[in-house]
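Scroll down for the structure; my scribbles are underneath it.
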Amino acid sequence: SMASVIWEFRGAPGTGLPEMTASTDSQLPAFEVHPVPGDVTVWKEQELCSVAGVLGDAEGVPLANTLVYVHSGLEGARFAPPTEPAKFQNAGTGFTPANQVIQTHQVVSLASASGELHTAVFDARDQRRRVLNVAVRPGDPRELMFDAALGALSLSCSVHGKTEPAANLLLLHHPFWTFTDAEGKFQLEGVPPGSLQFATERSGTTVRLEQLDLAPGSQSQVEWRATP
């Protein structure tokens, strides 16, 4: 893949607007929108699995609106990205939605809804490093695409700093994720068989990791409780 470009913003003399400068780093994933690789891993329909269950806290109280996803075990497979873009906007109170999953090679659309300049700053939470910093101008949505599954990211605006809370994102290379409903229930369909590790996450914090060995065509029912 092509090298990434990291945009840095510095005040341009006499303009009052940010000046964009770019540096390249071949170790970072490409982010410009580009044609998506067409080769995907194929399983027979009868081999695919389902995983359903309920998630509660240590006392068994259902955990609503909690992310459940395949954390590891699918690294060698390729999956088609969603055809719909992941859309984020900043109306002056931070980027929304505040908790979202995006997939590699999915178009990410960033817009300013407040009539002012914002920046979209993507930081890798686990590695505590800056991934990307781009300008988001009023009336000019910015589209990006990531090639690598970077995991947990924060999305914030450096122009308005701490007055706007950061959004929590998860960048995966597969589509096997969902949020629990009001009763803590969740269901994942079409999951490939194998030894997979599942994770649950709330507000950017992992609350449980669980290993499941999925036989081809299996239907698993689980009851998980978040670790204290």
Not counting sequence neighbours, which residues clear salt bridge (charged side-chain N to carboxylate O under 4.0 Å, His left out) with E210? List them please.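 Counting only residues at least two positions away or on another chain, E210 forms a salt bridge (charged side-chain N to carboxylate O under 4.0 Å, His left out) with R208.
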
Quick one: [atom1] on [X] to [atom2] on [Y], what's the gap to the nearest 0.5 Å?
X    : Y    : atom1 : atom2 : result
M145 : H34  : CE    : NE2   : 5.5 Å
L172 : L150 : CG    : CG    : 10.5 Å
K87  : I102 : NZ    : CD1   : 15.0 Å
F95  : C157 : CZ    : SG    : 6.0 Å
L209 : T200 : CG    : OG1   : 7.5 Å
Q106 : F146 : CD    : CZ    : 11.0 Å

When you group the ILVMFWY residues by side-chain heavy-atom contacts below 4.5 Å and let the links chain together, are [Y] and [X] in the same group?
X    : Y    : answer
L132 : L155 : yes
Y69  : F179 : yes
V108 : V101 : no
L171 : L67  : no

Member of P193, S220, P216 meeting the side chain to side chain contact (heavy atoms under 4.5 Å, CB included) criterion with C49: P193

Measure up the H118 and H160 rings against each other and bin them: parallel (under 30°), tilted (30 to 60°), perpendicular (over 60°). tilted

Would the number of heavy atoms belonging to other residues, nucleotides or ligands and lying under 6.0 Å from [atom1] of [X] be above 12?
X    : atom1 : result
E75  : CD    : yes
Q46  : CD    : yes
Q219 : CD    : no

Can you tell me if E47 uses its side chain to pair, donor with acceptor, with the backbone of K44 under 3.5 Å? yes

Please determine whether side-chain contact (heavy atoms from CB on, under 4.5 Å) holds for the pair F186 and W224, giving the CA-CA distance in whole Å, both sets of side-chain angles, and the decisive distance to 0.1 Å. CA-CA 11 Å; F186 66 90; W224 292 336; 3.8 Å; yes

If you define the side chain from C-beta out and look only at heavy atoms, does anything of [X] sit under 4.5 Å from [Y]?
X    : Y    : answer
V191 : L48  : no
R129 : D123 : no
F88  : S109 : no
P81  : T104 : no
Q187 : T178 : no
D39  : R78  : yes
T96  : Q89  : yes
L74  : L196 : yes

What's the shortest heavy-atom distance between [X] and [Y], and which atoms?
X    : Y    : value
V131 : A124 : CG2-N, 3.8 Å
N168 : R125 : OD1-NH1, 3.4 Å
A135 : L117 : CB-CD1, 4.2 Å
H71  : A199 : CB-CB, 3.8 Å
V136 : S112 : CG1-N, 3.5 Å

Is it the case that the side chains of S195 and Q211 hold a donor-acceptor pair, with the cut-off being a distance below 3.5 Å and no angle test?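 Judged by distance alone, the side chains do pair up.
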
Would a line drawn from the ring center of F198 to the ring center of W177 be shorter than 6.0 Å?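 No: the rings miss the under 6.0 Å criterion.
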
Between E32 and R142, does at least one N-O distance fall below 4.0 Å, as a salt bridge requires? no

Checking side-chain contact (heavy atoms from CB on, under 4.5 Å) for the pair E164/T93: CA distance, chi angles, key distance, verdict? CA-CA 5 Å; E164 296 181 1; T93 57; 5.8 Å; no

Show your reasoning for whether side chain to side chain donor-acceptor pair (under 3.5 Å) applies to T66 and R202. CA-CA 5 Å; T66 301; R202 297 192 77 189; 3.2 Å; yes

Should L212 and V222 be marked as a side-chain contact (heavy atoms from CB on, under 4.5 Å) after you check the CA-CA gap, both sets of side-chain angles, and the distance that decides it? CA-CA 10 Å; L212 284 181; V222 299; 4.1 Å; yes

Per-pair distances, 0.1 Å, donor-acceptor, side chain in residues 50-65, under 3.5 Å, sequence neighbours excluded:
unit_1, atom_1, unit_2, atom_2, d
D57, OD1, E59, N, 2.9
D57, OD1, G60, N, 3.0
D57, OD1, V61, N, 2.8

Decide yes or no on ring-ring contact (aromatic ring centres under 6.0 Å, His included) for F79 and F176, but give the supporting numbers first. CA-CA 10 Å; F79 301 92; F176 305 110; 5.4 Å; yes

Check against side-chain contact (heavy atoms from CB on, under 4.5 Å), L169 and F122: CA-CA 9 Å; L169 310 183; F122 294 84; 3.7 Å; yes

